[in-house]
Protein chains: 2
Amino acid sequence: MRGRPTIYEDSNIIKKAQEVFWQKGYSATSLSDLQKATGAGAGSFYNTFKGGKKEVFQKAVQERRLAFTSFQNELSNSESPLELIKDFFRSIAKADQNEHLKGCIIANTVVEMTFIDEDLESSAVQILKEVEQMFTEVIKSEQLKGTIKTKTAPEILGKYLITFWCGLNTLRRMYPDENVLKDQIEMQLAVIS
Amino acid sequence: MRGRPTIYEDSNIIKKAQEVFWQKGYSATSLSDLQKATGAGAGSFYNTFKGGKKEVFQKAVQERRLAFTSFQNELSNSESPLELIKDFFRSIAKADQNEHLKGCIIANTVVEMTFIDEDLESSAVQILKEVEQMFTEVIKSEQLKGTIKTKTAPEILGKYLITFWCGLNTLRRMYPDENVLKDQIEMQLAVIS
DNA sequence: TTATTTTTGTAATGATTGATACATAAATAA
DNA sequence: TTATTTATGTATCAATCATTACAAAAATAA
């Protein structure tokens with residue numbers, strides 16, 4: 001292949017940009033912030049991402065979506081997928097202070113982008129709905145197996161869990177404290193049993 | 001009193017500014033946006049609020065806090081405060097599309113301001129904690145009265161409700177639909193009984 | 001070598017940001 | 001009336017915004 005070799009890999013720019021977006025959100029992150037974080041100057045930046053800031057944000061969000069897809073794979077190989085989901089919630093309590101304050105970039109995006117950018121907002125909403133659907137399906141199957149006694153509709157319980165996820169996104173910032181969060185998470189998970 | 005009479009009342013500027021902040025958040029709202037919404041030019045604006053944009057945002061948030069204080073008064077005069085709280089949650093489902101998308105300005109602020117402005121973030125967190133405490137106290141008293149059977153600690157149930165409130169803040173944007181929200185709210189309120 | 005291609009770094013773009021300067025308007029007090 | 005005070009409207013500020021322009025760098029192909 002011809003041309004000057006690439007120093008700043010697309011994937012690396014996205015990763016570094018994601019870190020900044022995750023903390024500061026979309027509007028409060030400047031191109032200057034991104035250039036500092038990625039090391040890439042304006043030349044490389046716009047050569048790689050013609051769509052500029054917005055394209056990189058979209059890709060940072062989609063990058064996060066991959067983590068979810070990967071979790072979905074774990075689920076399908078698991079013997080007790082519900083326990084996997086519960087353990088995932090439980091693991092949140094153990095995160096460090098900074099992770100608590102960062103929260104979930106997808107949930108953050110829904111809140112920030114609602115009247116600002118419809119594309120960014122709706123793609124974040126879609127991801128949350130996919131996660132919700134995953135919750136719902138696992139619950140439905142465990143109800144059939146009889147592992148879950150509650151007869152509440154799986155669609156309601158799936159929405160309950162995604163609501164919890166989004167609520168936890170703020171509770172973590174109010175109380176970035178393992179002990180507080182641990183008790184809350186156990187209490188809310190007990191509803192699904 | 002001497003001097004040219006005031007056209008743009010402080011309280012009116014704050015109200016109009018709050019509408020914009022509520023929709024667009026802090027960072028994405030420009031002084032130009034505020035001037036259009038309030039009618040006040042830069043002269044009046046900075047004459048009234050020496051602290052500029054940030055001071056007005058603080059006051060818009062505190063203005064919202066008054067709505068909460070007023071609800072607290074209703075509560076203390078009520079014979080069944082828990083039912084009042086539940087009805088408040090139930091009323092959320094009936095809001096119109098735009099209100100759903102706006103969500104709660106306090107919860108929004110916690111998410112947006114975390115790494116941006118510590119003053120604004122922590123004052124929003126404090127308000128959420130006050131609301132949580134109100135929940136907790138009502139639950140505690142109803143447990144003593146025997147109206148609530150659940151023996152779960154009132155502190156846990158209070159945090160459960162504030163977590164629900166913040167989760168609903170995002171669920172409403174995913175499903176700005178009365179029927180969907182109604183069922184979810186009933187399901188989550190049923191936990192406190 | 002030379003031509004071609006791609007990336008990089010830097011300088012500049014015009015627009016917008018939040019905030020200030022300041023003259024004028026419009027009231028009251030003396 | 002005249003002096004004083006306060007609010008308003010407009011012009012302007014430097015800083016920053018996202019983006020573009022473009023020449024130099026650094027590789028391969030011919």
Side-chain angles (χ1 to χ4, degrees), chain A residues 1-21 23-61 109 112-113 115-120, chain B residues 1-61 109 112-113 115-121:
Chain A
M1 228 246 293
R2 265 205 288 217
R4 183 170 170 172
T6 303
I7 300 179
Y8 306 104
E9 297 263 351
D10 303 24
S11 60
N12 203 261
I13 289 183
I14 293 169
K15 248 183 205 167
K16 295 289 188 183
Q18 190 194 54
E19 291 177 26
V20 185
F21 282 134
Q23 294 211 88
K24 309 191 34 164
Y26 183 77
S27 295
T29 298
S30 67
L31 260 293
S32 157
D33 288 332
L34 295 178
Q35 285 164 12
K36 269 177 221 154
T38 62
S44 300
F45 196 87
Y46 282 94
N47 183 52
T48 313
F49 305 101
K50 317 286 182 192
K53 182 181 171 181
K54 181 169 169 176
E55 183 186 344
V56 179
F57 188 84
Q58 276 280 25
K59 296 203 163 145
V61 163
T109 299
E112 188 194 351
M113 292 320 228
F115 289 93
I116 308 299
D117 187 299
E118 210 191 305
D119 298 331
L120 297 178
Chain B
M1 224 243 295
R2 266 207 287 218
R4 183 172 172 171
T6 301
I7 301 178
Y8 307 103
E9 296 263 351
D10 303 23
S11 60
N12 202 261
I13 290 184
I14 293 169
K15 247 183 205 167
K16 295 288 187 182
Q18 190 195 54
E19 290 177 28
V20 186
F21 281 135
W22 203 327
Q23 293 211 94
K24 309 190 35 164
Y26 183 77
S27 296
T29 298
S30 67
L31 261 293
S32 158
D33 289 331
L34 294 178
Q35 285 163 14
K36 269 177 221 155
T38 61
S44 300
F45 196 87
Y46 282 96
N47 184 52
T48 313
F49 305 101
K50 318 285 182 195
K53 182 182 172 181
K54 181 169 170 177
E55 183 186 343
V56 179
F57 188 84
Q58 277 280 24
K59 296 202 162 146
V61 163
T109 300
E112 188 194 350
M113 292 320 229
F115 288 94
I116 307 299
D117 187 300
E118 210 191 306
D119 298 330
L120 297 179
E121 195 251 355

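All figures in this text were calculated on a predicted structure; none of them were measured in a lab. Just so we're on the same page: letters track the sequence lines, and every chain starts at 1.
- By the side chain to side chain donor-acceptor pair (under 3.5 Å) test, B/T38 pairs with no residue at all, sequence neighbours left out.
- The list of ring pair (Phe, Tyr, Trp, His ring centres under 6.0 Å) pairs with a residue in residues 4-25 of chain B, not counting sequence neighbours, reads B/F21-B/F57.
- Scored by the side-chain contact (heavy atoms from CB on, under 4.5 Å) test, A/I7 finds no partners at all (sequence neighbours excluded).
- Counting only residues at least two apart or in different chains, salt bridge (Lys or Arg N to Asp or Glu O under 4.0 Å) contacts with residues 2-22 of chain B are absent.
- One atom, CG of B/L34, and another, C1' of C/dT17, lie 12 Å apart when rounded to the nearest Å.
- Taking every heavy atom of residues 6-13 of chain A and every atom of DNA chain C, pairs under 4.0 Å involve A/T6, A/I7, A/Y8, by number.
- Applying the side-chain contact (heavy atoms from CB on, under 4.5 Å) rule to A/Q23 yields the partners A/N98, A/K102, B/F115; only residues at least two apart in sequence or on another chain are considered.
- Note: CZ (B/F49) to P (D/dT6) measures 17 Å, nearest angstrom.
- Every residue two or more places apart in sequence or in another chain was checked for a salt bridge (charged side-chain N to carboxylate O under 4.0 Å, His left out) with B/K53, and none qualifies.
- At least one donor-acceptor pair under 3.5 Å links the side chain of A/Q18 to the backbone N or O of A/A60.
- Under the side-chain contact (heavy atoms from CB on, under 4.5 Å) criterion, B/N47 pairs with B/K50, not counting sequence neighbours.
- Considering only residues two or more places apart in sequence or on other chains, A/K54 meets the side chain to side chain donor-acceptor pair (under 3.5 Å) condition with A/D117, A/D119.
- Within residues 16-30 of chain B, the residues having any heavy atom under 4.0 Å from DNA chain C are, by residue number, B/T29, B/S30.
- In this entry the distance linking CG of A/N47 with P of C/dT6 reads 10 Å, nearest Å.
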Scoring nucleotides 19-30 of chain C by protein non-hydrogen atoms under 4.0 Å (B base, S sugar-phosphate only, - none) yields BB----BBBBS-

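- Note: NZ (A/K36) to P (C/dG9) measures 17 Å, nearest angstrom.
- Annotation: side-chain contact (heavy atoms from CB on, under 4.5 Å) contacts of B/S32 (sequence neighbours excluded): B/S30, B/K36.
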